[in-house]
Amino acid sequence: MSVDDSAAVPPAKRVTRTRATYAEAGVDRDRAAIANERIKLTARRSFNKNVLSEIGGFAGLFALDAERFPEPVLVASTDGVGSKLQLAAQLGLHGSIGSDLVNHCVNDVAVQGATPLFFLDYFAAGELDANVVEQVIGGIVEACKANGCALLGGETAEMPTLYRGKEYDLAGFLVGAVSHAKMLSGENIAEGDILLGLPSNGLHTNGYTLARKLLFETAGYRADQYVNELGDKVGAALMRSHRSYLAPIRKLLQAEVAHAFAHITGGGLTENLPRILPKGFAAQVELASWEPPPLFAHLQTLGSIENEEMLRAFNMGIGLVAVVPAALLKKARLVLSRMNERSIVLGRIVRGQQRKVVYC
């Protein structure tokens with residue numbers, strides 16, 4: 001007698017399935033489309049004759065001018081603006097953060113002797129806000145125009161599993177060019193060369209994690225609070241733009257009065273000056289040669305920070321250092337003064353077994 005096994009198997013349970021969508025997973029393609037359309041209109045303001053593509057293609061196209069750059073060397077830089085983003089979001093100053101990003105990358109390229117050509121951005125948020133995106137990209141475009149480069153393209157992404165709400169992250173990528181013969185490597189730096197400092201506007205885009213902790217947690221200030229020691233409201237003091245040094249760098253190079261330049265960013269003078277020093281040389285910096293702006297002095301007081309740490313965490317009011325032959329110092333300072341650019345003699349190049357900054 002055979003056994004009917006099918007009788008012991010329960011009938012299949014019917015499962016009702018819903019149609020899944022990207023929006024249900026948290027990514028709204030319509031929001032992204034609106035943001036991208038605004039970007040296209042904004043970015044075109046930075047285009048020049050070398051741009052051969054439109055925003056929205058698979059890649060950006062840029063024609064390199066071989067006559068302008070014989071034996072061209074491409075110079076690339078990428079960076080972000082760190083925790084300054086959080087303060088920008090808190091204050092609603094999204095446009096300025098875009099300018100900060102471009103200027104930081106421009107300076108990194110310019111100190112190699114290069115001309116900035118085009119910029120790419122990366123903007124990612126938990127939830128795209130077309131108005132915020134437009135403000136950020138608008139700041140990027142204005143800075144690109146001011147520095148003579150084009151916003152060639154970028155990426156706008158909505159990633160709710162990585163970012164909370166309208167929290168966003170921002171990064172930038174810049175490509176420049178220089179003729180091989182005009183590339184700056186620091187190899188011409190010589191003993192006795194003068195270190196000529198150009199002022200920063202403030203923190204620029206470095207040291208914000210420590211600065212925010214001291215001002216908002218240790219001191220308990222509000223962003224809109226006026227503080228006598230700063231001579232300004234806290235938010236305004238922190239959000240001063242990361243300035244571009246492209247114009248003074250170009251003028252000094254045209255006048256043939258500079259051997260090299262150092263962009264003073266994260267790591268301060270302590271870590272950035274050695275990046276341009278040839279083997280066998282050190283940078284001697286006289287701490288009494290300039291007075292850091294009030295923001296830095298107040299941060300040091302609030303945190304009881306040692307001088308050594310301050311000089312590594314912050315730019316201390318110096319955003320660029322030009323290395324100038326001593327015989328050409330007067331001419332270099334005249335070039336800068338004609339641009340209404342203040343300069344400070346910080347010290348000089350000395351012989352040394354290690355590439356480092358010696359403070360005195």
Side-chain angles (χ1 to χ4, degrees), residues 26 28 31-32 34-35 38-39 42 79-105 121-143 154 156-172 200-243 265-266 293-303 305 313-315 317 319:
D28 190 324
R31 262 198 310 258
I34 292 171
R38 294 192 183 185
I39 289 172
T42 305
D79 219 308
V81 288
S83 60
K84 190 174 185 179
L85 277 176
Q86 293 174 294
L87 186 62
Q90 179 184 344
L91 299 176
L93 298 175
H94 305 288
S96 65
I97 211 76
S99 298
D100 287 336
L101 180 64
V102 174
N103 289 340
H104 189 137
C105 291
D121 72 273
Y122 173 79
F123 184 103
E127 178 184 322
L128 288 174
D129 182 325
N131 291 323
V132 171
V133 175
E134 187 174 24
Q135 289 176 54
V136 172
I137 302 303
I140 289 174
V141 167
E142 291 307 313
T156 305
E158 191 170 59
M159 297 188 289
T161 58
L162 286 181
Y163 303 100
R164 293 173 298 181
K166 295 184 180 180
E167 180 182 275
Y168 67 89
D169 197 8
L170 183 67
S200 67
N201 280 342
L203 296 184
H204 282 184
T205 51
N206 297 101
Y208 276 83
T209 300
L210 177 56
R212 289 172 63 249
K213 177 180 176 62
L214 293 174
L215 292 169
F216 297 128
E217 295 181 25
T218 302
Y221 296 142
R222 302 184 315 275
D224 63 352
Q225 182 175 343
Y226 184 91
V227 175
N228 289 330
E229 290 86 348
L230 302 179
D232 206 345
K233 292 182 179 179
V234 176
L238 289 175
M239 287 302 294
R240 292 189 186 116
S241 64
H242 191 137
R243 60 171 298 202
T265 56
L295 173 59
F296 299 98
H298 194 47
L299 288 172
Q300 184 168 19
T301 299
L302 288 174
I305 306 173
F314 304 110
N315 64 54

If I compare all heavy atoms of F314 with all of G207, which pair ends up nearest, and what's the gap? CE2-O, 3.4 Å

If every non-hydrogen atom of V102 is compared with every non-hydrogen atom of A143, which pair is closest and at what distance? CB-CB, 3.6 Å

For the residue pair L85 and L170, what are the closest heavy atoms and their distance? CD1-N, 3.7 Å

For residues 163-172, which residue pairs qualify under salt bridge (Lys or Arg N to Asp or Glu O under 4.0 Å), counting only residues two or more places apart or in two chains? D129-K166, R164-E167

Look up atom CG in N315 and atom CG in N206, then write down how far apart they are to the nearest 0.5 Å. 7.5 Å

side-chain hydrogen bond (donor to acceptor under 3.5 Å, both in side chains) with S96: which residues, sequence neighbours excluded? none

Could you tell me which non-hydrogen atom of L299 sits nearest to which non-hydrogen atom of I305, and how far apart they are? O-CD1, 3.8 Å

Let me see the working for T156 and I137 under side-chain contact (heavy atoms from CB on, under 4.5 Å), right down to the final yes or no. CA-CA 10 Å; T156 305; I137 302 303; 5.8 Å; no

T205 and T265, any side-chain heavy atoms less than 4.5 Å apart: no

Can you list the residues that meet the side chain to side chain contact (heavy atoms under 4.5 Å, CB included) rule with S241, with sequence neighbours excluded? D100, N201

Between NZ on residue K84 and NE2 on residue H104, distance to nearest 0.5 Å: 11.0 Å

Contact check, side chains of I97 and Y168, non-hydrogen atoms, under 4.5 Å: yes

For T301, check side-chain hydrogen bond (donor to acceptor under 3.5 Å, both in side chains) against everything at least two apart and list the hits. none

For E142, the side-chain hydrogen bond (donor to acceptor under 3.5 Å, both in side chains) test, sequence neighbours excluded, returns R45

Can you sort out the partners of H204 under ring-ring contact (aromatic ring centres under 6.0 Å, His included), two or more places apart, ordered by chain and number? H242

Roughly how far apart are L91 CG and L238 CG, rounded to 0.5 Å? 8.5 Å

As an exercise, state the distance from OG1 of T209 to NZ of K213, rounded to the nearest 0.5 Å. 10.5 Å

If you round to the nearest 0.5 Å, how far is CZ of F216 from CD of Q90? 5.5 Å

What pair of heavy atoms forms the shortest contact from M159 to Y122, and how long is it? CE-OH, 3.2 Å

For A89, give me all partners under side chain to side chain contact (heavy atoms under 4.5 Å, CB included), at least two apart in sequence or on another chain. H94

Considering all heavy atoms of both residues, which atom of P293 and which atom of G317 are nearest to each other, and what is their separation? CD-CA, 3.7 Å

Non-neighbouring partners of N103 that pass side-chain hydrogen bond (donor to acceptor under 3.5 Å, both in side chains), sequence neighbours left out: N147

Donor-acceptor contacts, no H, no angles, side chain residues 223-234, under 3.5 Å, sequence neighbours left out:
from: D224; atom 1: OD1; to: R222; atom 2: NE; distance (Å): 3.0
from: Q225; atom 1: OE1; to: R222; atom 2: N; distance (Å): 3.1
from: D232; atom 1: OD2; to: R240; atom 2: NH2; distance (Å): 2.9

